[in-house]
Amino acid sequence: MDAFYVSCELKRRPELKGQPVAVSADPKGGKGRGVVLSASYEARKFGLRSALPVSQAYALCPSYIWVLPDFPFYEENSKDVMALLTARSPQARTFSIDEAAYPWEGGDPAGAEREGRELQKDVRERFDLPCSIGIGPSLTVAKIASDRAKPGGVVVVPPDSVRSFLASLPTRAIPGIGKVTEEELARVGVATIGQMAELPVERLRKALGAMAPGMSDLARGVVREEPWPDEEGPRSMGAMSTFDTDSSDPKEVREEVDRLARALAESVQRQGRRFRTVTLRVRRSDFQQLQRSRTLPQRTENTETLVRGALQLLDQVLSELAQDIRTPPPSLEEPPPTGPPRSRPARWGIRTVGVSVADLAEGSPSQKSLDRFASD
DNA sequence: TCTGGGGTCCTAGGACCC
DNA sequence: TCTGGGGTCCTAGGACCC
């Protein structure tokens, strides 16, 4: 989907069409905290894009129209579009809220393009939403093609054109290659996918690790057989939140973790799932992230187990943060303590806390009967 | 210049087992 | 007194995606 969140908003606020609109946090005159989630193509002309801090968005375009996100609404729209795809193929799969695919059985590229245009028109007419379509011999090629098709296009890459289609693109165009890996590749002289195709796999391994063989094949246009993904439930679920101002108050942080853990337990239960691993994440003011996790002997869906687990992990992290205070960096001269310090001013600050659960499985009927058994 | 909230997958080390 | 080679599981961190 193209600029998906913004496109959903424009559906219900058509008067904003053609304007620089972004779904984002409140920029608060340049002092807001948070990022742009989705920017209209008009807003992109000013440099707005997703993940851009709102303070910078405001600096680039003070008059941009911001709309707070409404995820349930985007979820509804996503499901509508998905239903359309499923009607075309039972093998249709979603990969995120704004991406989906179904298998292309190969054959005539011109016919594929016609089918793509038809689908695109269908989505626009029924749901008033723009999308781009990529068609190719593997999911990865199709995804890269759809990126090149944006906005509003259809790009078909026949199997025998994969290598030439990719050759001139930057390595970053491959999903899975981000800023860091792009730099690693640049260090061995690889900037484009064409250059990647020229390098022996063993030299690529240094920059790409386990990804090297797959990426090398892709770059050389070798299409691997890949099993069509199964429909599976999520592997983990979580909830996180960022304080309006960084907190160094253990009580405030504990309350937030407690709240998140309860909300998470509820959504895990709503989905009929059970978990075995609890993870607590803390982002410090300096953006360094700490993560502590614990695996339980058995899966459970119990709220109190999740809450207790998260709070214990938090206590661990808090005491580690306190340790950091007691052993300060080779410091500026510390004023000698005069008398017993009543409350030592905290030197740490917490920006974000998050709780998540993993090792998920469906709550099995047999387990439920065991529970009943146990409570008898 | 300042960086949200939801996820997936990979790496590396250590405990533990045979 | 010094100890191989194989495996699994758990934990922490990090890159990446939308």
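Below, all heavy atoms of this structure are taken into account, side chains as well, without hydrogens, waters or symmetry copies. Here is how names work: the chains are called A, B, and so on, in the same order as the sequence lines, proteins then strands, and each is numbered from 1.
Distances were taken from every side-chain heavy atom of R294(A) (C-beta onward) to each of dT1(B), dT11(C), dT11(B); the shortest belongs to dT11(C). Counting only heavy atoms from C-beta on, S236(A) has its side chain closest to dG7(B) among dG7(B), dA12(C), dG5(B). Checking dC17(C), dG4(B), dA12(C) against every side-chain atom of K143(A), the shortest atom distance belongs to dC17(C). In this structure, of dG6(B), dG7(B), dG4(B), it is dG4(B) that holds the atom nearest to the side chain of R351(A). Checked against dG4(B), dA12(C), dG7(B), the side chain of Q316(A) finds its nearest nucleotide in dA12(C). Distance from the side chain of L290(A) is smallest to dG13(C) among dG13(C), dC17(C), dC2(B). Nearest to the side chain of M240(A), among dC2(B), dG6(B), dC10(C), sits dG6(B). Of the candidate nucleotides dG5(B), dG4(B), dA12(C), dG4(B) has the atom nearest to the side chain of F287(A). Checked against dG13(C), dT3(B), dT11(C), the side chain of R292(A) finds its nearest nucleotide in dG13(C).
For the residue pair S40(A) and R44(A), no side-chain donor N or O sits within less than 3.5 Å of a side-chain acceptor on the partner. Side-chain contact check for T303(A) and Q269(A): at least one donor-acceptor pair (N or O, by modelled atom type) lies under 3.5 Å. Of the N and O atoms on the side chains of S247(A) and E252(A), at least one donor lies less than 3.5 Å from an acceptor on the other residue. In this structure, a donor-acceptor pair under 3.5 Å is present between the side chains of S96(A) and D98(A). For the residue pair T295(A)/T277(A), the side-chain donor-acceptor check at 3.5 Å is satisfied. Side-chain contact, Y74(A) with E9(A): a donor N or O sits under 3.5 Å from an acceptor N or O.
Remark: S293(A) is not in phosphate contact with dC10(C), judged by side-chain N or O atoms under 4.0 Å from OP1 or OP2. Not one side-chain nitrogen or oxygen of S24(A) sits closer than 4.0 Å to the OP1 or OP2 atom of dG4(B). Regarding contacts with the backbone of dG5(B), every side-chain N or O of R283(A) stays at 4.0 angstrom or more from both OP1 and OP2.
When each of V180(A), T192(A), V190(A) is paired with L185(A), the side-chain contact (heavy atoms from CB on, under 4.5 Å) condition holds for V190(A) and for no other.
Atom CD in Q312(A) sits about 13 Å away from atom P in dT11(C), given to the nearest Å. As a whole-Å value, the separation of Q289(A) CD from dT3(B) P is 16 Å. Across the protein-nucleic acid pair, D359(A) atom CG and dT8(C) atom P stand 16 Å apart, rounded to whole Å. L139(A) has its CG atom 16 Å from the C1' atom of dC18(C), to the nearest Å. For the pair R281(A) CZ and dG13(C) P, the computed distance is 10 Å after rounding to whole Å. The distance from atom CD of Q291(A) to atom P of dT8(B) is 14 Å, rounded to the nearest whole Å. One can place CG of L296(A) at 10 Å from P of dC10(C), the figure rounded to the nearest angstrom. The distance between atom CZ of R172(A) and atom P of dC18(C), rounded to the nearest whole Å, is 10 Å.
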request  = Would you check, one step at a time, whether the test ring pair (Phe, Tyr, Trp, His ring centres under 6.0 Å) holds for Y5(A) with F73(A)?
outcome  = CA-CA 9 Å; Y5(A) 298 168; F73(A) 182 57; over 10 Å; no
Derivation and outcome, salt bridge (Lys or Arg N to Asp or Glu O under 4.0 Å), residues D249(A) and K251(A) = CA-CA 5 Å; D249(A) 174 4; K251(A) 182 161 170 282; over 6 Å; no
task = For the pair E198(A) and R163(A), evaluate salt bridge (Lys or Arg N to Asp or Glu O under 4.0 Å) and give the outcome as yes or no after the intermediate values.
result = CA-CA 11 Å; E198(A) 304 293 326; R163(A) 183 166 182 163; 3.5 Å; yes
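Near DNA chain C, meaning a heavy atom under 4.0 Å from it, residues 178-194 of chain A has G178(A), K179(A), V180(A), T181(A) in order of number. Contacts between residues 79-102 of chain A and DNA chain B, defined by a heavy-atom separation under 4.0 Å, are absent.
When the shell of 6.0 Å around CZ of R172(A) is examined, it contains more than 12 heavy atoms from other residues, nucleotides or ligands. Residue-environment remark: NZ (K11(A)) exceeds the threshold of 12 foreign heavy atoms within 6.0 Å. For D286(A), the CG atom counts as densely surrounded, since its 6.0 Å shell holds more than 12 non-hydrogen atoms of other residues, nucleotides or ligands.
Listed by first residue number, the stems of DNA chain C with at least three Watson-Crick or G-U pairs below 3.5 Å are B:5-18 with C:5-18.
Among the protein residues, M237(A) comes within range of the sugar-phosphate backbone only, with heavy atoms under 4.0 Å from sugar or phosphate atoms but none that close to a base. Using a 4.0 Å heavy-atom cutoff across all strands shown, G32(A) reaches sugar-phosphate atoms only and no base atom. At a threshold of 4.0 angstrom between heavy atoms, the contacts of L37(A) include nucleobase atoms, whether or not backbone atoms are also involved. Note on P69(A): nothing from the nucleic acid sits closer than 4.0 angstrom, heavy atoms only. Within the nucleic acid shown, A25(A) has no heavy atom closer than 4.0 Å to any nucleic acid atom.
DNA chain B is contacted by both K31(A) and R235(A); K31(A) maps to the nucleotide lying nearer its 5′ end (nearest heavy atom per residue). In terms of position along DNA chain B, the nucleotide closest to V54(A) lies nearer the 5' end than the nucleotide closest to the other residue of the pair S356(A) and V54(A).
Rounded to the nearest Å, the gap between the P atom of dC18(C) and that of dC2(B) is 26 Å.
Here dC2(C) is in the anti range [glycosidic angle more than 90° from 0]. In this entry the base of dT3(C) is syn relative to its sugar, with a glycosidic angle within 90° of 0.
Ion pairing of R283(A) with D246(A) is absent here, as no side-chain N (NZ or NE/NH1/NH2) approaches a carboxylate O to less than 4.0 Å.
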